[in-house]
Amino acid sequence: VKEAVSGTTLVDIKSNSYVSRMKKIDKNIKADAFVCQLSTNDATKEMLLGEISDSFSMNDFDTQTVAGAIEYIIAYAKETWNCPVVFYTQAKYESDHYGKMVDLLLKIQEKWNITVIDLWNNEEINSFISSK
């Protein structure tokens, strides 16, 4: 299942946010993995970063923040499809806010033991892009 909508955010502020759309995916599918992009739209719109929760319960996450939305997505995917969760980041671009989001995601990775494909901090990828 590919569920991508241009201009949407992780933060659950509209009916087409990552969180809202994820809940519409068939709960009975057999998922090999749940793969999610760390949204650049959240950085562009400077969405509130929030805090990493001590909880692992979906009901405890503030989906109005980047941290809460990420944690909710992880918890929902694990509970609903019982599959590995993978986030990937954008390669480096001019955005301090996105850099803070990547740092936050890497801390969340430690808590949840998820996989992160970190293109933001990948020197080889970023040197290739900057040479273009």
Side-chain angles (χ1 to χ4, degrees):
V1 175
K2 179 181 177 186
E3 182 58 47
V5 176
S6 180
T8 60
T9 60
L10 292 160
V11 174
D12 198 22
I13 56 171
K14 292 186 177 178
S15 62
N16 64 353
S17 75
Y18 284 34
V19 170
S20 294
R21 291 192 337 269
M22 176 182 65
K23 292 178 188 177
K24 296 174 186 171
I25 299 171
D26 184 352
K27 292 180 179 172
N28 297 311
I29 64 170
K30 167 120 177 60
D32 295 317
F34 186 89
V35 180
C36 186
Q37 177 190 16
L38 185 66
S39 169
T40 56
N41 295 317
D42 290 77
T44 301
K45 296 175 183 180
E46 295 190 356
M47 298 307 223
L48 186 63
L49 292 175
E51 301 288 329
I52 300 171
S53 171
D54 291 333
S55 176
F56 286 88
S57 172
M58 279 185 289
N59 297 328
D60 294 334
F61 305 130
D62 180 2
T63 59
Q64 300 293 301
T65 69
V66 174
I70 292 170
E71 289 202 87
Y72 186 93
I73 289 166
I74 295 166
Y76 186 92
K78 286 180 176 269
E79 183 176 307
T80 304
W81 299 294
N82 191 29
C83 64
V85 175
V86 179
F87 270 79
Y88 68 94
T89 71
Q90 168 73 31
K92 197 160 278 190
Y93 70 103
E94 293 297 320
S95 175
D96 291 337
H97 199 73
Y98 196 81
K100 291 175 186 173
M101 288 173 53
V102 172
D103 292 343
L104 181 63
L105 176 62
L106 294 174
K107 290 176 186 165
I108 291 171
Q109 175 187 28
E110 293 174 19
K111 173 184 174 183
W112 286 92
N113 194 30
I114 61 166
T115 299
V116 174
I117 301 169
D118 183 5
L119 302 178
W120 180 265
N121 290 304
N122 185 306
E123 291 180 25
E124 187 175 350
I125 293 286
N126 289 311
S127 66
F128 175 78
I129 292 170
S130 66
S131 68
K132 293 291 175 191

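Not measured: the values here are computed from a predicted model.
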Novice: Would you give the length of the straight line joining atom CD1 of I125 to atom CD of E123, rounded to the nearest 0.5 angstrom?
Specialist: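 I125 CD1 to E123 CD: 12.0 Å, rounded to 0.5 Å.
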Novice: Roughly how far, to the nearest 0.5 Å, is OG1 of T44 from NE2 of H97?
Specialist: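 That separation rounds to 9.5 Å.
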Novice: Considering only heavy atoms from C-beta outward, does the side chain of F34 approach that of T80 to under 4.5 Å?
Specialist: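 With C-beta onward as the side chain, the pair stays apart.
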Novice: Is the shortest heavy-atom distance from the side chain of S53 to the side chain of K111 under 4.5 Å?
Specialist: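 When only atoms from C-beta onward are counted, K111 and S53 do touch, with a gap below 4.5 Å.
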Novice: With side chains defined as the heavy atoms from C-beta onward, is the minimum distance between V35 and I117 less than 4.5 Å?
Specialist: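 V35 does not reach I117 side chain to side chain.
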Novice: Heavy-atom count around E51 CD within 6.0 Å, excluding the residue itself: above 12?
Specialist: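 Result for CD/E51: open.
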Novice: Is a donor from one side chain sitting under 3.5 angstrom from an acceptor on the other, for S17 and D12?
Specialist: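 Short answer, yes.
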Novice: Look up atom NZ in K107 and atom CD1 in I70, then write down how far apart they are to the nearest 0.5 Å.
Specialist: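 K107 atom NZ to I70 atom CD1 measures 12.0 Å (nearest 0.5 Å).
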Novice: With the 4.5 Å side-chain cut-off for hydrophobic clustering, are I29 and Y18 part of the same group?
Specialist: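 In one cluster: yes.
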Novice: Can you get from Y93 to Y88 by hopping between Ile, Leu, Val, Met, Phe, Trp and Tyr side chains that sit under 4.5 Å apart?
Specialist: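 Y93 and Y88: separate clusters.
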Novice: From W81 CH2 over to D26 CG, what is the distance, rounded to the nearest 0.5 angstrom?
Specialist: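 One gets 8.5 Å once the value is rounded to the nearest 0.5 Å.
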Novice: Does either side chain, that of S39 or that of D42, offer a donor lying less than 3.5 Å from an acceptor on the other one?
Specialist: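 Side-chain D/A pair, S39 to D42: present.
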Novice: Tell me, yes or no, whether the heavy-atom count around K100 atom NZ, taken from other residues, nucleotides or ligands under 6.0 Å, exceeds 12.
Specialist: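 Open: at most 12 neighbouring heavy atoms sit under 6.0 Å from NZ of K100.
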Novice: Is the count of non-hydrogen atoms from other residues, nucleotides or ligands lying under 6.0 Å from K45 atom NZ greater than 12?
Specialist: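 Yes, NZ of K45 has more than 12 neighbouring heavy atoms, counting only those of other groups under 6.0 Å.
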Novice: Could K27 and Y76 be counted as a cation-pi pair, given that NZ or CZ must be under 6.0 Å from the ring centre and within 45° of the axis?
Specialist: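 Cation-pi check for K27 and Y76: fails.
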Novice: What heavy-atom pair brings L104 and L49 nearest, and what distance separates the two atoms?
Specialist: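 Closest heavy-atom pair between L104 and L49: CD2-O, 3.7 Å.
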Novice: Under 3.5 Å, is there a donor-acceptor pair between the side chain of N41 and the main chain of T8?
Specialist: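 Yes; judged by distance alone, with no hydrogens or angles, the pair exists.
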Novice: Could you measure the distance from the CD atom of Q109 to the CD1 atom of I74? Nearest 0.5 Å is fine.
Specialist: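 Answer for the CD-CD1 pair, Q109 versus I74, is 9.0 Å.
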Novice: In terms of hydrophobic clusters joined by side-chain contacts under 4.5 Å, are L10 and L119 together?
Specialist: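 They do not share one cluster, since no chain of ILVMFWY contacts under 4.5 Å joins L10 to L119.
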Novice: Does D96, at its CG atom, have more than 12 non-hydrogen atoms belonging to other residues, nucleotides or ligands within less than 6.0 Å?
Specialist: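 No, because the 6.0 Å sphere around CG of D96 holds 12 heavy atoms or fewer from other groups.
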Novice: Tell me the closest heavy-atom pair linking A33 and C83, and the distance in Å.
Specialist: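 Shortest heavy-atom contact: C-SG, 3.9 Å.
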Novice: Same cluster or not: are V86 and L38 linked, directly or through other Ile, Leu, Val, Met, Phe, Trp or Tyr residues, by side-chain heavy atoms under 4.5 angstrom apart?
Specialist: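 Not linked; separate clusters.
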Novice: Give a yes or no on whether F56 and M58 share a hydrophobic cluster (residues Ile, Leu, Val, Met, Phe, Trp, Tyr; joining criterion: side-chain heavy atoms under 4.5 Å apart).
Specialist: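 Yes; M58 is reachable from F56 via cluster members.
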Novice: Taking the inter-plane angle between the rings of Y98 and W120 on a 0 to 90° scale, is it parallel (under 30°), tilted (30 to 60°) or perpendicular (over 60°)?
Specialist: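 Answer is tilted, since the angle falls between 30° and 60°.
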Novice: As an exercise, state the distance from OH of Y72 to NZ of K23, rounded to the nearest 0.5 Å.
Specialist: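 One finds 3.5 Å between OH of Y72 and NZ of K23.
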Novice: Quick one: does T40's side chain get under 4.5 Å of M101's, heavy atoms only?
Specialist: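 The answer is no; the side chains never approach within 4.5 Å.
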Novice: So, the side chain of N126 versus the backbone of N122: is there a donor-acceptor pair under 3.5 Å, distance only?
Specialist: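 The answer is yes, because a donor-acceptor pair under 3.5 Å joins these two groups.
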Novice: Are T9 and K14 side-chain neighbours, meaning at least one heavy-atom pair lies under 4.5 Å?
Specialist: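 A side-chain contact under 4.5 Å is absent here.
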Novice: Does the side chain of F87 reach to within under 4.5 Å of the side chain of I108, using non-hydrogen atoms?
Specialist: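 Sidechains of I108 and F87: no contact.
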Novice: Quick check: do N121 and L106 have side-chain heavy atoms less than 4.5 Å from each other?
Specialist: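 Result yes, sub-4.5 Å side-chain heavy-atom pair found.
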Novice: Can you find a heavy atom in the side chain of W112 that is under 4.5 Å from one in the side chain of V85?
Specialist: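 W112 vs V85: side chains apart.
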